[in-house]
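Since the structure comes first, as structure tokens, the remarks are kept for the end.
The first residue of the sequence shown is numbered 1, and numbering continues consecutively from there.
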Amino acid sequence: LTADNYFSRRPLEETDREGLAAFANAVGMAMENVQLFDSLRESEAKYRTVLDNSPEAVISLSKELWINTWNRGAEGIFGFTKEDVVGKPIMALFSAEQLPQCQDMVNQVMSDGPIRDYAVQGTTKGGKMLDLSVSWGGSLEDFWLNKEWTLVIRDVTEAKRMQNQLIRSEKLSAVGQLISGIAHEL
């Protein structure tokens, strides 16, 4: 940093140099902060892209189990927009009949900590029943520290239907083989 006393024609004194040094430090810190904010903005944009483009529902919950974050995957699975659900309790995604099952899931998280692939049924905006697989990151400590909890929810309705269809086919095949064996013996 250079200083010019061209207009005042007086020599720079120690207090002038200290003031200039303080000003230079402040400018340097401001420039560094701009770089940090740009880096933070870029990092948040990457995070938002991953979150929004996930095919699974990614939901964050407050301590009170109110929905804070709702991505496009959640919108696709449940049919609710972000405006429909943010600020509402997670129980809004379940019918009255499903609430005990949902409460069991919450109790398990509170007592045992994070869960993976917890099978539960949910309901779409249109009332369609869904088979869901829920992974819930959270614990009792998170509850007391007022941290957000994260849920990743997959719709496994179609996979479950295909699995049941395969089981039925295998049963019919076994019955067919049994009948064939009996007929051959006769």
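The side chain to side chain donor-acceptor pair (under 3.5 Å) test applied to Glu56 returns no partner, not counting sequence neighbours. Under the rule for a salt bridge (Lys or Arg N to Asp or Glu O under 4.0 Å), the partners of Lys160 that lie at least two apart in sequence or sit in another chain are Asp131. Residues that satisfy the side chain to side chain contact (heavy atoms under 4.5 Å, CB included) test with Val27, not counting sequence neighbours, are Phe23, Met31. Taking Ser60 as the reference, Thr69, Glu148 meet the side chain to side chain donor-acceptor pair (under 3.5 Å) condition, with sequence neighbours excluded. The salt bridge (Lys or Arg N to Asp or Glu O under 4.0 Å) test applied to Lys125 returns Asp84, not counting sequence neighbours.
The shortest non-hydrogen separation linking Gln121 to Leu132 is C-CD1, 4.3 Å. Considering all non-hydrogen atoms of both residues, Phe94 and Cys102 come closest at CE1-SG, 3.4 Å.
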_side chain to side chain donor-acceptor pair (under 3.5 Å) assessment of Thr15 paired with Glu18_ = CA-CA 5 Å; Thr15 57; Glu18 288 173 3; over 6 Å; no

* Asked: Between Asp155 and Phe78, is a side-chain contact (heavy atoms from CB on, under 4.5 Å) present by the stated rule, with each step listed?
  -> CA-CA 9 Å; Asp155 180 3; Phe78 292 99; over 6 Å; no

Intermediate values then yes/no, side chain to side chain donor-acceptor pair (under 3.5 Å), Thr81 and Glu75
CA-CA 6 Å; Thr81 65; Glu75 214 170 284; 5.6 Å; no

- side-chain contact (heavy atoms from CB on, under 4.5 Å) between Leu61 and Trp136, worked out: CA-CA 10 Å; Leu61 301 177; Trp136 184 320; 3.8 Å; yes

Point to revise | Audit row: Thr123, Leu130, side-chain contact (heavy atoms from CB on, under 4.5 Å) steps and yes/no | key: CA-CA 6 Å; Thr123 307; Leu130 299 171; over 6 Å; no

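For the atom pair Arg72 CZ and Ser54 OG, the distance stands at 10.5 Å (nearest 0.5 Å). Note that OG1 of Thr157 is 6.0 Å distant from NZ of Lys128, once rounded to the nearest 0.5 Å. With values rounded to the nearest 0.5 angstrom, Ile90 atom CD1 is found 4.5 Å from Ile59 atom CD1.
Connection of Val120 to Ile67 is established within a shared hydrophobic cluster, with ILVMFWY side chains joined at heavy-atom distances below 4.5 Å, either directly or through further cluster members. Using a 4.5 Å cut-off between side-chain heavy atoms of Ile, Leu, Val, Met, Phe, Trp and Tyr, with links allowed through other members, Val156 and Leu151 fall into different hydrophobic clusters. Taking hydrophobic clusters as Ile, Leu, Val, Met, Phe, Trp and Tyr residues chained together by side-chain heavy-atom distances below 4.5 Å, Met91 does not share a cluster with Met129.
A donor-acceptor distance shorter than 3.5 angstrom exists from the side chain of Ser62 to the backbone of Trp66, with no hydrogens or angles considered. Without hydrogens or angle criteria, Ser135 side chain to Asp117 main chain gives a donor-acceptor distance under 3.5 Å. Distance alone, capped at 3.5 Å, is enough to place a donor-acceptor pair between the Gln98 side chain and the Ser95 backbone.
Summarising the local packing, NZ of Lys63 is surrounded by more than 12 heavy atoms from other residues, nucleotides or ligands at distances under 6.0 Å.
Ring-plane geometry between Trp70 and Phe80 is classed as perpendicular, the angle between the planes exceeding 60 degrees on a 0 to 90 degree scale with a lower cut at 30.
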With a cut-off of 3.5 Å and sequence neighbours excluded, list every side-chain donor-acceptor pair involving residues 104-116.
from   : atom 1 : to     : atom 2 : distance (Å)
Asn107 : OD1    : Gln103 : NE2    : 3.1
Asn107 : ND2    : Gln103 : O      : 3.3
Ser111 : OG     : Asn107 : O      : 3.1
Ser111 : OG     : Gln108 : O      : 3.3

